[in-house]
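Here the structure comes first, spelled out in structure tokens, and everything after it is commentary.
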Amino acid sequence: EVQLVESGGGIVQPGGSLRLSCVGSGYIFSTYWMYWVRQAPGKGLEWVSTISDGGVSLYYADSVKGRATISRDNAKKTLYLQMNSLKPEDTGAYYCVRAPYAGPTATSLTDRSRGYWGQGTQVTVTS
């Protein structure tokens, strides 16, 4: 059974930083592209970032480019998202998503019916 467990969310002041983590299990972690997707209160899903299976190809939404860094440790089966210079508009639930199939795939994802999703970790940016 595929499982994705996020952690690292919390309450932070504007300008602060957080590092989100996601541990994957039940599949060969190193063979799947991974995504971070977020959802602000009362809004739809927003793709944040993507990393290829080997960690070479990285993609970012314009809204976080320059402030976010996606990475992965395949030996630890863990995906990360380092978020700096946080803004109130970064508030929301952050989901770790595994691509629906192994190998190269879409560079972004917001379809809840595609892939495997974690339960999410809440990030709140407020003064």
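Sequential numbering from 1 along the given sequence is applied to the chain's residues.
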With sequence neighbours left out, write down each residue that passes side chain to side chain contact (heavy atoms under 4.5 Å, CB included) with [X], or none if nothing qualifies.
X	result
Thr121	Glu6, Leu20, Tyr94
Pro100	Leu109, Arg114
Gln122	Thr91, Ala93, Thr124
Ile70	Trp36, Ser49, Ile51, Leu58, Tyr60, Leu79, Leu81

Check your understanding: Do Gln82 and Asn84 pass the side-chain contact (heavy atoms from CB on, under 4.5 Å) test, and can you show the C-alpha distance, the side-chain angles, and the key distance before you say yes or no?
Key -> CA-CA 7 Å; Gln82 176 71 42; Asn84 301 322; 2.9 Å; yes

Check your understanding: Taking only residues at least two apart or on different chains, which pairs with a member in residues 28-44 satisfy salt bridge (Lys or Arg N to Asp or Glu O under 4.0 Å)?
Key ->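 Pairs touching residues 28-44 that pass the test: Arg38-Glu46, Arg38-Asp90.
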
Review point. According to the salt bridge (Lys or Arg N to Asp or Glu O under 4.0 Å) rule, which pairs have a member within residues 51-61, sequence neighbours left out?
Key: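 Those involving residues 51-61 do not exist here.
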
Point to revise | For Thr50, all residues meeting side-chain hydrogen bond (donor to acceptor under 3.5 Å, both in side chains), sequence neighbours excluded | key: Trp47

**Study point:** Sequence-distant partners of Asn74, side-chain hydrogen bond (donor to acceptor under 3.5 Å, both in side chains), two or more places apart
**Key:**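 side-chain hydrogen bond (donor to acceptor under 3.5 Å, both in side chains) check on Asn74 returns Arg72.
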
Check your understanding: ring pair (Phe, Tyr, Trp, His ring centres under 6.0 Å): which pairs involve residues 6-29, sequence neighbours left out?
Key -> Tyr27-Tyr32

Revision key, fill the gap. To the nearest 0.5 Å, atom CE of Met34 lies from atom OG of Ser52 at 12.0 Å

For [X] and [Y], which heavy atoms make the closest approach, and how far apart are they?
X	Y	value
Thr110	Leu45	O-CD1, 3.3 Å
Leu4	Gly24	CD2-CA, 3.8 Å
Pro14	Ser127	CD-N, 3.7 Å

**Study point:** disulfide bond (SG atoms under 2.5 Å apart) contacts in which one or both residues fall within residues 55-127, not counting sequence neighbours
**Key:**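 For residues 55-127: Cys22-Cys96.
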
Study note, to complete from the structure: In short, disulfide bond (SG atoms under 2.5 Å apart) pairs touching residues 49-79 with sequence neighbours left out are none

Exercise for review: Apply ring pair (Phe, Tyr, Trp, His ring centres under 6.0 Å) to Trp117 and list each qualifying residue two or more places apart in sequence or on a separate chain.
Suggested key: Tyr95

Review point. Side chains of Pro104 and Trp33: does their closest heavy-atom pair fall under 4.5 Å?
Key: yes

Review point. Is there side-chain contact between Met83 and Arg19, with at least one heavy-atom pair below 4.5 Å?
Key: no

